[in-house]
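Heads up: the structure comes next, in structure tokens.
Proteins get letters first, then strands, A, B, ... in listed order; numbering begins at 1 in each. Values reported hereafter were calculated over all heavy atoms of this structure, with side chains retained and with hydrogens, waters and symmetry mates removed.
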2 protein chains.
Amino acid sequence: MPRGEGKFLIKQRAFLKLYMIRFVEEHKMYGMQAMDELKTSFKSLGYEPNHSEIYRSLHDLIDDGILMRTKKVQEGAKYKEIVVYQFADYEKAKLYKKQVKTDLDRSMSLLRKALEDVY
Amino acid sequence: MPRGEGKFLIKQRAFLKLYMIRFVEEHKMYGMQAMDELKTSFKSLGYEPNHSEIYRSLHDLIDDGILMRTKKVQEGAKYKEIVVYQFADYEKAKLYKKQVKTDLDRSMSLLRKALEDVY
DNA sequence: GGATGAACAAGGTGTTCATAT
DNA sequence: ATATGAACACCTTGTTCATCC
């Protein structure tokens, strides 16, 4: 999020990483579940993130040193394995949240300005 | 702007096309001038559109049947030619503005929701 | 068949190059 | 040197394919 040069709105990736951090904070967390929850909660706004972006966000956060995979869990006879995450560095997580907040605010300002200027 | 499927925030192109329409409405208009004005007015928000996106927006609006190139004007000995635009179909322009407004509002709601959910 | 992940493809935007005055 | 435009390349994101239980 550094570059203040020519930058337009916040990217979907950062937006999702934010929500992933929030889900981990709330201990309810694995990829598909997060996706379903987001799809449900944003459907009315026409936004339905797909599974790839969810996983990319999670993997990014691992590369950032913010999250870590803790375990794969198998739930009985339900033919599925899930990956569970924990914080690798919560301070980094908080810092990232702060940075993204700045970008969210900035993005809001851009949109608000357009609405004021044009309509 | 049709597809309400999986769509995240409004695209830069639509955002700029909106401003191009506004500039034509105000009769002060050619590409570089529009760019300079936008750069100045958005610099404090970290956004500085480049010339390619400006021209692409203009060309798009022509393809949409909303604008038309009217003339190239040469101003004295100043080694430059500029392209001036007029509306080809102002009803279409108004319709487009309305559509983009919807998308701007939707985008604001997405950002606002994230701010509420996470912070 | 439900979850994760990688590969691949398409889209959008930034950078560079070309042309004309 | 300024304005326009096209070409090219990169980055972001969507779609499809692969694997594991």
Side-chain angles (χ1 to χ4, degrees), chain A residues 1-17 20 23 28-39 46-63 67 69-85 103 110, chain B residues 1-17 20 23 28-39 42 46-63 67 69-85 103 107 110:
Chain A
M1 226 106 297
R3 269 293 66 64
E5 287 306 320
K7 196 170 175 308
F8 189 51
L9 300 177
I10 189 173
K11 294 287 187 296
Q12 179 182 195
R13 182 75 49 84
F15 186 93
L16 286 179
K17 285 167 76 173
M20 294 306 113
F23 285 138
K28 48 166 181 179
M29 188 55 189
Y30 70 93
M32 292 310 290
Q33 190 177 299
M35 182 184 76
D36 291 341
E37 189 161 329
L38 289 175
K39 278 192 174 174
Y47 174 48
E48 297 187 59
N50 62 33
H51 83 278
S52 288
E53 264 299 300
I54 299 288
Y55 289 127
R56 280 190 283 245
S57 302
L58 256 3
H59 300 338
D60 261 30
L61 287 166
I62 291 174
D63 295 343
L67 291 187
R69 300 169 47 131
T70 42
K71 47 187 170 181
K72 296 197 174 196
V73 182
Q74 287 144 74
E75 295 190 359
K78 297 205 68 184
Y79 297 109
K80 67 179 175 186
E81 65 173 357
I82 65 177
V83 177
V84 178
Y85 295 87
D103 208 22
L110 279 176
Chain B
M1 227 108 302
R3 268 296 64 66
E5 287 306 320
K7 195 169 175 310
F8 188 50
L9 299 177
I10 189 173
K11 293 289 185 296
Q12 180 181 191
R13 182 76 48 86
F15 186 92
L16 287 179
K17 284 167 76 174
M20 294 306 111
F23 285 137
K28 48 165 180 177
M29 188 55 187
Y30 70 93
M32 292 311 290
Q33 189 177 301
M35 183 185 75
D36 291 340
E37 189 160 329
L38 289 176
K39 278 193 176 175
F42 280 106
Y47 174 49
E48 296 187 60
N50 62 33
H51 83 279
S52 288
E53 265 299 300
I54 300 288
Y55 289 127
R56 279 190 284 245
S57 301
L58 255 3
H59 299 340
D60 261 32
L61 286 166
I62 292 174
D63 294 343
L67 291 188
R69 301 171 45 132
T70 41
K71 44 187 170 178
K72 295 197 176 197
V73 182
Q74 287 143 74
E75 295 191 357
K78 297 206 67 184
Y79 295 109
K80 67 181 175 185
E81 67 175 357
I82 64 178
V83 178
V84 179
Y85 295 87
D103 209 21
S107 300
L110 279 177

(request) For B/Glu81 and C/dA20, give me the distance from atom CD to atom C1', rounded to whole Å. (result) 6 Å
(message) Could you tell me how far apart B/Leu9 (CG) and C/dG11 (C1') are, to the nearest whole angstrom?
(response) 16 Å
(request) Specify whether B/Phe42 and B/Tyr47 have parallel, tilted or perpendicular ring planes, treating 30° as the upper limit for parallel and 60° as the lower limit for perpendicular. (result) perpendicular
(request) Specify the separation, in whole Å, of atom CG of A/Leu61 and atom C1' of C/dT4. (result) 16 Å
(request) For DNA chain D, find the residues of residues 32-39 of chain B with a heavy-atom distance under 4.0 Å and give them by number; none if there aren't any. (result) B/Met32
(request) Rounded to the nearest angstrom, tell me the gap between atom CG in B/Leu58 and atom P in D/dA6. (result) 12 Å
(request) Show the numbers, then the answer: is there a side chain to side chain contact (heavy atoms under 4.5 Å, CB included) between A/Val83 and A/Leu58? (result) CA-CA 11 Å; A/Val83 177; A/Leu58 256 3; over 6 Å; no
(request) Can you check each nucleotide of nucleotides 7-16 of chain D against protein heavy atoms at under 4.0 Å and return B for base, S for sugar-phosphate only, - for none, in 5' to 3' order? (result) B----SBBBB
(message) So, does A/Tyr55 get its side chain near the phosphate of C/dT4, meaning an N or O under 4.0 Å from OP1 or OP2?
(response) yes
(request) Specify the separation, in whole Å, of atom OH of B/Tyr85 and atom C1' of D/dA3. (result) 11 Å
(message) Please report the interatomic distance CZ(B/Phe23) to CD(B/Gln33), rounded to the nearest 0.5 Å.
(response) 8.5 Å
(request) Ignoring hydrogens and angles, tell me if any N or O in the side chain of B/Ser107 forms a donor-acceptor pair with the backbone of B/Ile10 under 3.5 Å. (result) yes
(request) Carefully, step by step, assess B/Met20 and B/Ile54 under the rule side chain to side chain contact (heavy atoms under 4.5 Å, CB included). (result) CA-CA 8 Å; B/Met20 294 306 111; B/Ile54 300 288; 4.0 Å; yes
(request) For A/Ile82 and D/dC20, give me the distance from atom CD1 to atom P, rounded to whole Å. (result) 19 Å
(request) With rounding to the nearest 0.5 Å, note down the distance linking CG in A/Asp103 to NZ in A/Lys11. (result) 8.5 Å
(request) With heavy atoms under 4.0 Å as the rule, sort A/Phe15 into base, sugar-phosphate or nothing. (result) nothing
(request) Can you tell me the distance, in whole Å, between the CG atom of B/Asp60 and the C1' atom of C/dG11? (result) 13 Å
(message) From NE2 of B/His59 over to P of C/dG12, roughly how many Å is that when rounded to an integer?
(response) 17 Å
(message) So which atom in A/Tyr85 and which in A/Arg69 form the shortest heavy-atom distance, rounded to 0.1 Å?
(response) CE2-CG, 3.7 Å
(message) Using 30° and 60° as the class boundaries, would you call the ring planes of A/His59 and A/Tyr55 parallel, tilted or perpendicular?
(response) parallel
(message) Using modelled atom types and a 3.5 Å cut-off, is there a donor and acceptor pairing between side-chain atoms of A/Asn50 and backbone atoms of A/Glu53?
(response) yes
